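Following: one structure in structure tokens, then a few remarks.
Note that the structure is predicted; figures quoted are calculated from it, not measured. What's counted below: heavy atoms across the whole structure, side chains too, no hydrogens, waters or symmetry copies. Numbering of ligands and ligand atoms starts at 1, following listing order.
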Amino acid sequence: MPLGFSMKEMKDNKRILVLPGDGIGPEVCKEATTILELVNEIHSLNLSFSEALVGGSAYEATGEPLPQDTLKAARESDAILLGAVGGPKWDELDYQYRPERALLGLRSELDLFANFRPAILSKYLTSSSSLKANNVENLDLLIIRELTGGIYFGEPRGRTEGKKEAFNTMIYNQDEIERIGRVAFEAAQKRNKNLCSVDKANVLEVSVLWREVITELSKEYPDVILSHMLVDNAAMQLVREPKQFDVIVTGNLFGDILSDIAAMMTGSIGMLPSASLNSENKGMYEPVHGSAPDIAGKGIANPIAAILSFAMALKYSLNLDKEADNLEKAVQEVLDEGFRTKDILSKGTKEVSTIEMGAAIISKLK
Ligand code: NAD
């Protein structure tokens, strides 16, 4: 038996489904998958890998952005690693055939209700941030957004007949708030034990309920310090003093906006991973960026967001915290040595291609 090969790992043959998608998706996925296969080999993790079509490339091959085979494979896997979907070629298609429909389909079919968006800023990239260096240096915050409820899905919704009027419904029930709350408290327990719940309780009844449920739940997590903040203040505080936050938990609409504000603080979209989990910790892991058609096929895409997404898969779906930390450390070391893809290049650093960045990270892991 190889060293470090536990009985648990031997029993659990965890399945990883790779969905490269479109544009730079396959380019960044290739580097991330090579790294995962290496991590699998080095640590004898007994992970198994398969690949399937998604997005525009799936539409070309099958007429569907999310073919049944892909959905079946997704249901049977423990973690899904997605590159990106979409591109101008498919922009004119009917809504149901658009590549982005595949993402919504996967989220709802797998009930991926908890979206994790870390905003981490490497000390070397402070100059790429839109904020002053001292405000963002060593920034490390996590935004947890409820992803399958709230105003984006609430009924009734629509247009009023006979007049120019439209409406949506913001609705959350106790169970929905509790399950995202639990995920957030548990994530805070693994970090600095500070959780800020963001709502609009001065105006919205939904937010009053949200605050009540989260406050009640906090009794089960006495080691986590809970605070509440109104969303308008949270937006201000994020750009004023983002390092005051550890974990933020919020609903679908507010999370959508706040996580993009946080993304801007880190400078490059090519560095940002994300995860969407269900109640069994099954998850879809993907870079925050899209398919970047402007640079697709040029070999210059930054693979770090995809690689760090895969590190999140190790941590959250596969319970391999140590291996995830090693991978994050390898990425940091490569940045320490000045390797940069074009999007994060600065004076005095070395420009590398997508493949060279992957190879540099591999050399650290070995
Ligand atoms: P984008 O994220 O693809 O690109 C925005 C800009 O960032 C571009 O200039 C691009 O070159 C750059 N960029 C993105 N990722 C990069 C990387 N890894 N390395 C270096 N530079 C990178 O956003 P967009 O241009 O608005 O969208 C392009 C397509 O992607 C659209 O079809 C959109 O619908 C789709 N999209 C998909 C997802 C997803 O799959 N989750 C997310 C967002 C957008």
### Message
I'd like to check the side-chain hydrogen bond (donor to acceptor under 3.5 Å, both in side chains) partners of Glu60; sequence neighbours left out, ordered by chain and number.
### Response
Trp90
Quiz question for you: does at least one protein heavy atom lie closer than 4.0 Å to [atom]?
atom: atom 10 (C) of ligand 1; result: yes
atom: atom 6 (C) of ligand 1; result: no
atom: atom 40 (O) of ligand 1; result: yes

Going by heavy-atom distance to [atom], choose the closest among [options].
atom: atom 8 (C) of ligand 1; options: Ile300, Asp294, Ile24; result: Asp294
atom: atom 18 (N) of ligand 1; options: Asp91, Ile295, Asn302; result: Asn302
atom: atom 35 (C) of ligand 1; options: Leu19, Val54, Val85; result: Val85

### Task
Determine whether any heavy atom of Pro293 lies closer than 4.0 Å to an atom of ligand 1.
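For ligand 1, residue contact (heavy atoms, under 4.0 Å) with Pro293 is present.
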### Task
Please verify whether a non-hydrogen atom of Ile269 lies at under 4.0 Å from ligand 1.
yes
#### Entry: Sidechain-backbone polar pair: Thr354 side chain, Pro303 backbone, donor-acceptor under 3.5 Å
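It does not hold such a pair.
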### Query
Judged by atom type as modelled, is there a donor-acceptor pair below 3.5 Å linking the side chain of Asn115 to the main-chain atoms of Ala275?
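The answer is yes, because a donor-acceptor pair under 3.5 Å joins these two groups.
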Numbering as shown, the atoms of ligand 1 that approach [X] to under 4.0 Å (heavy-atom distance):
X: Ala84; answer: 40 (O)
X: Glu286; answer: 41 (N)
X: Leu103; answer: 39 (C), 40 (O), 41 (N)
X: Ala301; answer: 19 (N)
X: Gly87; answer: 32 (O)
X: Gly86; answer: 32 (O)
X: Gly270; answer: 17 (C), 18 (N)
X: Gly290; answer: 1 (P), 2 (O), 3 (O), 30 (O), 36 (N), 37 (C), 38 (C), 42 (C), 43 (C), 44 (C)

Answer yes or no: is there an ion pair linking [X] with [Y], defined by an N-O contact shorter than 4.0 Å?
X: Glu216; Y: Lys219; result: yes
X: Lys193; Y: Asp246; result: no
X: Glu337; Y: Lys350; result: no

#### Entry: Heavy atoms of other groups near Gln68 CD, more than 12 under 6.0 Å
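No, not enclosed.
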#### Entry: CD (Glu220) with more than 12 external heavy atoms under 6.0 Å
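Counting other residues, nucleotides and ligands, CD of Glu220 exceeds 12 neighbours.
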### Message
Students should be able to answer this: which protein heavy-atom is nearest to atom 29 (C) of ligand 1, and at what distance?
### Response
Ser291 OG, 3.2 Å
### Query
Starting from atom 33 (C) of ligand 1, which protein heavy atom do you reach first, and at what distance in Å?
Glu100 OE2, 3.7 Å
### Query
Less than 3.5 Å between some nitrogen or oxygen of Ala292 and one of ligand 1, yes or no?
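Indeed, backbone or side chain, Ala292 has an N or O that close.
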### Task
For ligand 1, note which part of Thr341 has a heavy atom under 4.0 Å away: side chain, backbone, both or neither.
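The answer is neither; Thr341 stays 4.0 Å or more away.
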### Summary
Short version for Lys342: what comes under 4.0 Å of ligand 1, heavy atoms counted, is neither
### Task
Write out all pairs satisfying side chain to side chain donor-acceptor pair (under 3.5 Å) with one or both partners inside residues 95-111, taking only residues at least two apart or from two chains.
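Non-adjacent pairs meeting side chain to side chain donor-acceptor pair (under 3.5 Å): Arg75-Glu109, Asp111-Arg179.
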### Task
Could you tell me which non-hydrogen atom of Ala296 sits nearest to which non-hydrogen atom of Ile24, and how far apart they are?
CA-CG2, 3.6 Å
#### Entry: Nearest heavy atoms of Gly87 and Pro293, plus distance in Å
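For Gly87 versus Pro293, the nearest heavy atoms are CA-CG, 4.4 Å.
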### Task
Give me the one residue out of Tyr152, Phe153, Trp210 that meets ring-ring contact (aromatic ring centres under 6.0 Å, His included) with Tyr172.
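The ring-ring contact (aromatic ring centres under 6.0 Å, His included) with Tyr172 is passed solely by Trp210 among Tyr152, Phe153, Trp210.
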### Modelled atom types, side-chain donor and acceptor of Thr148 and Glu146, under 3.5 Å
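Yes, a side-chain donor-acceptor pair sits under 3.5 Å.
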